[in-house]
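What you see is a predicted model; the values in this text were computed from it and never measured.
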Amino acid sequence: MVETPRGSGHDEADVGPVNGVAAWHARPIEAVEEFLLTSPHGLSAGEAANRLARHGRNELRHEPPPSVLVIFLRQFSGTFILVLLVAGLVTLVMGELLDTLLIAVALLLNAVIGVYQERRAADAVSALMRLVVPRCRVVRDGHEWDIDSRELVPGDVVLLESGSRVPADLRLSAVNALTIDESLLTGESLPVTKTTAPVSENAVTADRFGMAFTGTIVANGRGHGYVVATGEDTELGSIAELVRTEAVGELPLQARMARFARVVGVAVLAAAVVAFVSGLALGESAGHVFRVAVAMAVSAVPEGLPVAMTVTFAIGVTRMARRNAVLRRLPALETLGSTTVVGSDKTGTLTENRMTVQEVWAGGRFYRAPDDLRSDSPSLRLTLITGALTNEADLVHTTEGTTSTGDPTEVALLTAADAAGFDPGGLQEEYPLVAEIPFESHRRYSATIRDYDSARAVFVKGAPEQVIAMCASTLTDGGPVPMDADAAHAAARELAGRGLRVLAMAYRGLPAHATHAQSDGAEPEPGERADPDQLVLLGFQAMMDPPRAGVHAAITACHQAGVRVVMITGDHSITARAIAAELGILRNPHERVLTGTDLAHLNDAALRAVVEDVSVYARVSPNDKLRIVRALQDHGHIVAVTGDGVNDAPALRAASIGISMGEGGTDVAREASDMVLSDDNFVSIVAAIEEGRIAFANIRKVTFFLISTALAEVAAILLALWLRWPMLLVPAQILWLNLVTNGVQDLALAFEPGSRDVLKRPPRPRREGILSATMWERTAIVGVVMAAGALFMFNWQLGRDHSLVAAQSVTLTTLVLFEAFQAGNSRSENRSLFALNPLANPFLFWASLGALSLHIAAMYLPPFQYVLGIQPISAAAWIRAVLVAATILVAVEAHKAFRRWHPISARPRTATPP
């Protein structure tokens with residue numbers, strides 16, 4: 001009995017929302033026609049208009065995004081941004097315009113990046129909308145019409161032909177050798193042969209052979225079907241909704257920066273309040289204390305950090321582009337370095353995205369391709385020749401390389417024949433075509449009759465079980481022998497068990513003038529086509545989409561780096577398991593592989609319970625992939641996901657970092673992703689992870705340098721206030737120190753090359769901040785040593801010359817030298833400065849030398865002397881300043897050596913990569 005929507009009477013007015021009412025792929029055509037009140041003659045124009053009014057237009061909902069101005073203003077929130085805003089306002093009031101300008105640049109860069117990121121979600125939905133075709137052919141009132149596809153309604157009859165894009169979700173009612181490329185929805189690498197027969201109600205999208213889905217492309221043949229879903233109710237519409245509603249998660253760097261900003265904000269405010277209150281308590285004037293407090297705040301705020309981070313990202317992005325990875329979202333660079341799981345698509349990323357013959361079984365033997373294909377075995381050679389003669393593809397060799405057109409499976413057969421030394425085109429010319437039986441889904445084979453050896457022969461290729469049933473004998477190298485069907489089936493099963501797609505080859509000689517392949521010689525009835533029989537089984541050609549070169553080594557490198565690789569594919573589980581085992585993704589040969597059907601029986605809690613133990617997911621839907629990503633994230637993983645199709649877009653959006661394909665990917669996937677692989681190669685992901693780790697390490701170096709030197713300045717100024725000394729440095733001198741010396745060297749640290757063992761260390765714990773516990777410990781040491789050194793030099797010089805200008809000049813010079821040495825200390829968290837090549841980062845070497853030279857010049861140039869309130873210092877003062885500043889090298893080297901022997905234990909991780 002066919003159910004009706006909403007339990008109402010079965011009439012035209014009650015054909016309501018049809019998506020979700022039933023599994024259309026499981027319904028016979030007659031039931032679909034009855035439910036939709038339609039027929040092969042189509043709807044009437046009036047009924048189509050009524051249904052359009054009820055269901056709406058066949059288009060995806062697209063809400064206009066907020067204006068650029070609104071998005072821009074949203075960016076000026078968050079603790080760190082507020083700290084910078086306050087610092088900018090204070091410096092503006094004080095007339096420190098250079099400092100104000102630097103802060104403004106940092107804020108503007110942050111806002112521009114934020115606007116770009118927020119616009120990407122709308123771009124992803126817009127890319128989906130481009131898949132809805134503008135025009136289509138339908139049958140209405142018994143006649144064919146070309147209409148705007150937005151006017152399609154449930155019950156319409158849509159006509160499909162080779163090269164057309166499907167305009168709505170259809171239940172196919174007639175097919176003629178119809179194959180559809182559904183890769184953008186399912187990830188399936190080969191076109192899917194369509195039928196009209198119903199399938200199981202629980203069939204995953206890739207196995208719904210009686211359906212055609214919006215946005216997919218007809219590869220071959222013709223067909224027509226009834227519209228069963230339009231607009232938002234289609235498979236494409238459900239994906240669009242997932243993309244639209246899936247929030248982009250906070251990147252690890254953003255979380256770390258938020259925590260860091262809160263610490264800095266509280267510390268700056270506390271230091272300024274302490275300075276102001278204690279200064280008043282000590283009897284200092286309010287004006288003097290206010291200037292000291294502002295000077296401290298200006299020195300404490302690392303206003304150069306956002307700019308230095310942007311430069312670091314820009315350098316990393318440039319390096320990544322050279323390694324075929326194009327980043328679309330700058331902060332995502334650091335996320336790569338924190339990644340603990342890579343959820344990779346199979347086809348085109350781990351594999352070459354081209355079918356290739358891997359093995360041939362002929363004459364009772366297995367031959368490896370391409371190495372063994374030049375054997376002189378008659379059965380092997382005739383097996384390869386048959387693959388070339390039952391073929392509609394083309395393989396052309398030119399001076400620029402080899403090009404091919406046609407079905408990927410048939411191209412693979414031509415390539416195998418070519419590897420054996422045959423010229424596929426020459427074979428087809430040598431043995432002219434007389435007649436052919438094209439492949440049809442119900443036949444499961446194709447055949448050609450050709451002039452062959454002064455007579456004629458029929459050559460057949462098809463599914464092993466079908467072809468074996470048509471054979472009476474088997475060709476061995478000693479000649480034909482009676483058919484051993486059990487042995488042939490066993491060989492086919494062995495090949496299929498290795499994840500290979502198996503095609504059987506057979507032939508039989510015919511009379512010289514035969515135009516058909518019946519064994520009894522009788523002509524077939526008009527309109528009939530007889531199946532060949534009494535064939536000679538030649539062998540099997542077994543093919544697969546092989547792994548890319550270098551991927552196995554790249555996955556091994558991931559495991560060494562503590563990054564787990566998980567395969568999430570739309571392909572069949574046997575093929576997925578075989579590729580995963582070959583690449584080292586499966587941790588043991590008996591590891592469980594979950595399919596979309598398995599996932600349908602697991603709720604979210606059950607999936608979370610098993611997701612840590614499963615490395616391969618096959619035949620998955622877009623929602624399955626999204627659930628897998630979320631389950632991994634619930635375990636504390638930072639998940640990178642690769643994808644190229646529309647079906648991957650929701651998971652790409654939800655992942656910590658989405659990675660799309662540049663060569664074979666769709667616009668939808670690219671718009672939803674953070675990074676695009678220009679070569680579609682998994683190896684490039686490993687390179688990107690390496691660059692991400694280097695980028696974060698450099699951000700950490702810059703932050704450590706800025707915070708440690710800022711702490712030293714704050715401590716020195718505050719201690720001088722408490723000691724009731726004159727101002728250690730005036731605001732102009734602090735500005736000079738921060739902008740000209742400090743501000744040059746922090747940017748140069750962004751160019752620091754990566755450590756050789758960067759991919760041999762585990763990912764950083766998710767809860768670890770911008771600075772590690774070791775580096776916070778070292779920051780305190782640096783702050784104390786530098787502050788003590790500055791105070792010592794100030795007091796020495798003031799007591800010697802009784803000149804405040806001289807004392808401030810010596811103190812400023814000492815801090816300039818301190819920061820030059822500290823920049824060198826910051827080059828590595830663990831390695832000794834003296835073990836590093838000073839020219840490995842020439843930017844830092846020349847930046848430090850240039851900053852020092854600029855400071856020396858400023859001490860002798862009257863304009864700078866006047867603005868900064870400084871004067872030249874004696875040679876003895878220079879020697880003392882160098883010796884005092886060098887103490888920072890001793891202190892940091894001692895701390896590094898101590899921590900190499902007594903490292904601080906990291907917090908236990910919630911996730912344990914292999």
Side-chain angles (χ1 to χ4, degrees), residues 90-91 94-96 98-99 271-272 274-276 278-300 709-742 783 785-819 851-852 854-885 887:
V90 171
T91 54
M94 292 184 61
E96 309 294 348
L98 287 177
D99 216 353
V274 168
F276 188 79
S278 60
L280 292 177
L282 291 171
E284 299 290 346
S285 67
H288 173 71
V289 173
F290 180 75
R291 287 177 63 82
V292 171
V294 169
M296 283 180 53
V298 170
S299 63
T709 54
L711 177 62
E713 294 172 25
V714 169
I717 293 171
L718 190 57
L719 286 171
L721 175 66
W722 290 345
L723 293 171
R724 308 194 72 172
W725 290 0
M727 284 192 68
L728 205 66
L729 298 173
V730 299
Q733 292 166 348
I734 295 174
L735 180 65
W736 175 260
L737 186 64
N738 288 350
L739 289 183
V740 178
T741 57
N742 189 323
V785 172
M786 287 181 62
L791 290 169
F792 171 77
M793 291 300 292
F794 180 83
N795 188 54
W796 177 290
Q797 199 66 37
L798 187 63
R800 180 187 178 97
D801 297 339
H802 304 288
S803 167
L804 180 59
V805 172
Q808 289 174 337
S809 300
V810 169
T811 303
L812 180 61
T813 301
T814 303
L815 286 172
V816 167
L817 291 167
F818 262 130
E819 293 190 354
L852 185 59
L854 192 60
H855 177 69
I856 294 172
M859 297 177 70
Y860 291 92
L861 295 175
F864 285 92
Q865 290 176 338
Y866 174 77
V867 171
L868 299 179
I870 58 175
Q871 65 184 35
I873 63 176
S874 66
W878 268 107
I879 293 173
R880 282 192 298 274
V882 170
L883 291 175
V884 169
T887 59

Which value, rounded to the nearest 0.5 Å, describes the distance between [X] atom [atom1] and [Y] atom [atom2]?
X: L723; Y: N795; atom1: CG; atom2: CG; value: 8.5 Å
X: W725; Y: L791; atom1: CH2; atom2: CG; value: 5.0 Å
X: W796; Y: D801; atom1: CH2; atom2: CG; value: 11.5 Å
X: T814; Y: F792; atom1: OG1; atom2: CZ; value: 9.5 Å
X: W736; Y: L854; atom1: CH2; atom2: CG; value: 4.0 Å
X: E713; Y: Q733; atom1: CD; atom2: CD; value: 11.5 Å

Heavy atoms, side chains only, cut-off 4.5 Å: are [X] and [Y] in contact?
X: T813; Y: M859; result: yes
X: I873; Y: W878; result: yes
X: M793; Y: L815; result: no
X: Q865; Y: P872; result: yes
X: V884; Y: F818; result: yes

Over all heavy atoms of both residues, which pair between [X] and [Y] is shortest? Give the atoms and the distance, please.
X: S809; Y: I870; result: OG-CA, 3.2 Å
X: A787; Y: A712; result: CB-O, 3.7 Å
X: L817; Y: A885; result: CB-CB, 3.6 Å
X: Q797; Y: A806; result: CG-O, 3.8 Å
X: V805; Y: G869; result: CG1-O, 3.5 Å
X: A877; Y: V810; result: CB-CG2, 4.1 Å

Query raised in the report: Is a donor on one side and an acceptor on the other found under 3.5 Å between the side chain of Q808 and the backbone of M727?
Result: yes
Query raised in the report: Does T811 reach the main-chain N or O of L728 with its side chain, forming a donor-acceptor pair under 3.5 Å?
Result: no
Query raised in the report: Hey, mind stepping through F794 and L804 against side chain to side chain contact (heavy atoms under 4.5 Å, CB included) and telling me if it holds?
Result: CA-CA 9 Å; F794 180 83; L804 180 59; 3.8 Å; yes
